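See structure below.
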Amino acid sequence: MTRDQLQAKLNTLDGRDYRHYQSLTGEYDFTDFRLVIERIPKDPFAPPLSGLYRVSIPLPDTAIEQPMIDSPSAAIACRDFFARQFYRQSQRIAGQRRGTGHSGIIAIDQPGQAILQRSSVVIQHNQLEVRFFIGLPATGRNIDAALAIKMLLDELPLIVSQALQRAHTDVALLQLHIHTALDAQYLRHRLPALGLLAFIADGSILPRASSSSDQPLASGTVIPFQSPDSLSVQVTLPFAGEVSGMGIAAGITLLAGGGFHGKSTLLQALQMGVYDHIPGDGRERCVALSETVKIKAYSGRQVIKTDISPFINNLPLQRDTQAFSSNNASGSTSQAASIIEAIEMGARVLLMDEDTCATNFMIRDRVMQQLVKKEDEPLTAYIDKVRQLYRQKNISTILALGGAGDYLEVADRVIQMRRYQAFDVTLRAREIVHKYPSMRIKEDQDTAIQPALRCPDASSIDPMNEYQKPRLHSPDVQLLQFGRHKVDLQDLEQLIELAQNRAIAYAMLYARRYMQTGTSLPQVIDQVMSDIQDHGLDILSEQLSAHLAEFRSFELAFTLNRLPCLRINTDNISSPY
Ligand code: ADP
Ligand code: MG
C-alpha cells in the first residue's frame, strides 16, 4: 500500500472506536522508506511494549559504509548509534502525549550510557531497520484521524529522514561512536597480555551526575583521573592512538582512603568497565576484564543449593552448607553465595566495596579470635580466603575500603584515593604492616573452593501468572515479574538497562531447551549466549521485540539464581572442570 492509501484509510476511521485502528496493520511504501505496522495495541493506554512498528531504509541511503559493519562489534556500535539518533529525533518531533493514554507519541527504547546490541535497530537484507512504537491518537476511545495522519505522514517521515538518512547524519560522529567501542574492546582484549585486570585512562571522568543517573558529573569541580606514575601504562589504540592510564594488575588490590575521597567512584568505574561507553561518557577508556563481577551482601536474597562451605561451615543445627538453600539469606551468607555463584560462572575478578559487604564476612580480627574460638565460628572470613582464591583459582580481588586495615597484610598493592586522586601507597602499607602486624591467626586457608555442579530443572521455570497466562514484566532495571514470581535483582549492579532485564526474562525461558539432566548452569548459559551471538537477540522471543538489549552470561545466571521457582539438581555428576 502507498502512503496515499494509508491516508485515505485513516480518513475513514475518524471518530470510530479505537479497535478499528487494527485494520492498519500491514506494509506501506513511503517514497524513502518502508513502514510495517506489525502490532497495534488494543487501547490507547496499553503499554508501548505491546505495539510494534518497523521502518526500513536501504543501506545506501544511510551514511553506513561497508567497513562500519564488517565486524559484528562495529555493526553493533553502528546500530546503537542509530537507535540514539532515532530516540533523539522522535523525542523532539513526537515526544509529547497528545490525547488519551499514549496518544501522540512516537518512541523507541531509550539507550543508556553503554553501547549495546539492541533489538530496536537491526541491519539485514541490506536495510537499516528501526523498531519502535507509535501511540495512535484518540480522544477517549475515539480515533483522532487528523492527528494520526499528521503523525504517520508528516512526523514519522521527518523522524526517519532526520535520524537515519545520509544527508542528516554526521558521519564523523557515527565513526567516533564505532571507533570508541572498538578501541574499548581492543583495550579490554589487550589486558591479559599486559598482565592487567583493568585500565583507567588518564583524563577519564569517573563520577556520575547522581546515584540515579549514569551521566557524567558536570556540576562543580570535577577532577579528571590521573594515574600514579608507578602504575602508569601506555597502550596504542587502533583509532585513538596512544593513551596512558592506570593499570591494575592481577592479585589483590585495595582502593583505600578516607570517606568521600573517591573510592567507590573508582570501583564503580571498574565494574562498568565490562561495557563500552558512548563518546562523552567520561569512561570511554575505562575497561575491565569481561569476567569482572561486583559482589555485595544482600540480606534477604534467595540462594538455591549453593556450596558455601568454603566460607561457612558447621552451622548450628547441622544445616547443610554444601548445598545451601534459603529464601532469606543473611548478609554474610548472601555474600558467600554470590561469590560462589560468580566462581561457578567463571569470574576472574571480584569487586567489593566495604560499604556494601557484611563485616563478619570480611574480617575477624585478633581480638575477636580470642573471644570466639574458631570451632564456635562457622564463618571463615574473606581475608583468610582472598589469597587462596588467587593462588588456586587465579581469581583476583579489588576491594574498596577505609576501615578494615587487616587487609593491608594480604594485599599485593594499595591505591589510596585522596581528594579524588590516586596514589600508589603500596610501599608505605608494607612498612606499616611490618611495624604493626595484625597478629591474626590465619584460619582455614585450604578447604578447596570447588563448587559442585548445579543443574537447573527446565520444568521449574514457570512463566504463568495466576490466570495461567505467560507474563514477563520488567517494571524496573532491578526487578522482574516472572509469572507469579517477583525476581529481586537489586544487588546486581552490573545490570544497567531495562532492555537487558527484559532480554534476560526471555533468555530464561529460551534456556529451558538446554536444561537437561546433567547439564550444568554454566553449560546451559553458554549455549544460550552462543545462540545469541550467532543469530542475534531476535532468537530469544517468538514475537519480534523492539525492547531487548544484550546482557552478560553472568547476569543471566545470577537472575536464574534469584528466580523463586527455580529448582536445581546437584546429583553426583563428574565434573568437567
Ligand atoms: P568514598 O567511597 O571514598 O567515600 P565516593 O567515591 O562515594 O567516596 O565519592 C564521594 C563524592 O565525591 C561523590 O559524590 C562523588 O560523586 C564525588 N566524586 C568522586 N570522584 C570525583 C571526582 N573525580 N571529581 C569530583 N567529584 C568526585
Ligand atoms: Mg564509598
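Heavy-atom basis, side chains included; hydrogens, waters and symmetry copies ignored. Keep in mind it's a predicted model, so treat the numbers as computed, not measured. Counting convention: from 1, in listed order, for ligands and their atoms alike.
- The distance from atom CD1 of Ile205 to atom NE2 of His277, rounded to the nearest 0.5 Å, is 13.5 Å.
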Write none if no such pair exists; otherwise list each N/O atom of ligand 1 with its protein N/O partner under 3.5 Å and the distance.
unit_1   : atom_1 : unit_2 : atom_2 : d
ligand 1 : 2 (O)  : Ser264 : N      : 2.9
ligand 1 : 2 (O)  : Ser264 : OG     : 2.8
ligand 1 : 3 (O)  : His261 : N      : 3.2
ligand 1 : 3 (O)  : Gly262 : N      : 3.1
ligand 1 : 3 (O)  : Lys263 : N      : 2.9
ligand 1 : 3 (O)  : Lys263 : NZ     : 2.9
ligand 1 : 4 (O)  : Phe260 : N      : 2.6
ligand 1 : 6 (O)  : Ser264 : N      : 3.3
ligand 1 : 6 (O)  : Thr265 : N      : 2.8
ligand 1 : 6 (O)  : Thr265 : OG1    : 2.5
ligand 1 : 8 (O)  : Gly262 : N      : 3.1
ligand 1 : 12 (O) : Tyr420 : OH     : 2.9
ligand 1 : 23 (N) : Ile223 : O      : 2.8
ligand 1 : 24 (N) : Ile223 : N      : 2.9

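- In summary, the side chains of Asp412 and Tyr390 do not present any donor paired with an acceptor at a separation below 3.5 Å, with no hydrogens or angles considered.
- Each protein N/O/S atom under 2.8 Å from the Mg ion (ligand 2) was counted, for a total of 1.
- Formation of a donor-acceptor pair under 3.5 Å by the Gln490 side chain with backbone atoms of Gln478 is not found in this model.
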Show me, pair by pair, the donor-acceptor contacts under 3.5 angstrom made by side chains of residues 170-198, not counting sequence neighbours?
unit_1 : atom_1 : unit_2 : atom_2 : d
Asp170 : OD1    : Ala172 : N      : 3.1
Asp170 : OD1    : Leu173 : N      : 3.3
His177 : NE2    : Asp80  : OD1    : 2.8
Thr180 : OG1    : Leu176 : O      : 2.5
Asp183 : OD1    : Phe239 : N      : 3.0
Asp183 : OD2    : Ala240 : N      : 2.9
Gln185 : OE1    : Ser73  : OG     : 3.0
Gln185 : NE2    : Asp276 : OD2    : 2.7
Arg188 : NE     : Gly273 : O      : 3.1
Arg188 : NE     : Ala288 : O      : 3.3
Arg188 : NH1    : Asp276 : OD1    : 2.9
Arg188 : NH2    : Gly273 : O      : 3.1
Arg188 : NH2    : Tyr275 : O      : 3.1
Arg188 : NH2    : Asp276 : OD1    : 2.8
His189 : ND1    : Gln185 : O      : 3.1

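- A donor atom on one side chain and an acceptor atom on the other are found under 3.5 Å apart for Thr333 and Ser330.
- Gln369 meets the side-chain hydrogen bond (donor to acceptor under 3.5 Å, both in side chains) test with Glu443; sequence neighbours excluded.
- Screening Arg364, Arg440, Lys374 against Asp384 for a salt bridge (charged side-chain N to carboxylate O under 4.0 Å, His left out) leaves a single residue, Arg440.
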Output, in order, the C-alpha distance, side-chain angles, deciding distance and verdict of side chain to side chain contact (heavy atoms under 4.5 Å, CB included) for Ile304 and Phe324.
CA-CA 6 Å; Ile304 312 174; Phe324 181 86; over 6 Å; no
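- Taking 4.0 Å as the cut-off between side-chain N and carboxylate O, Arg118 and Glu497 count as a salt-bridged pair.
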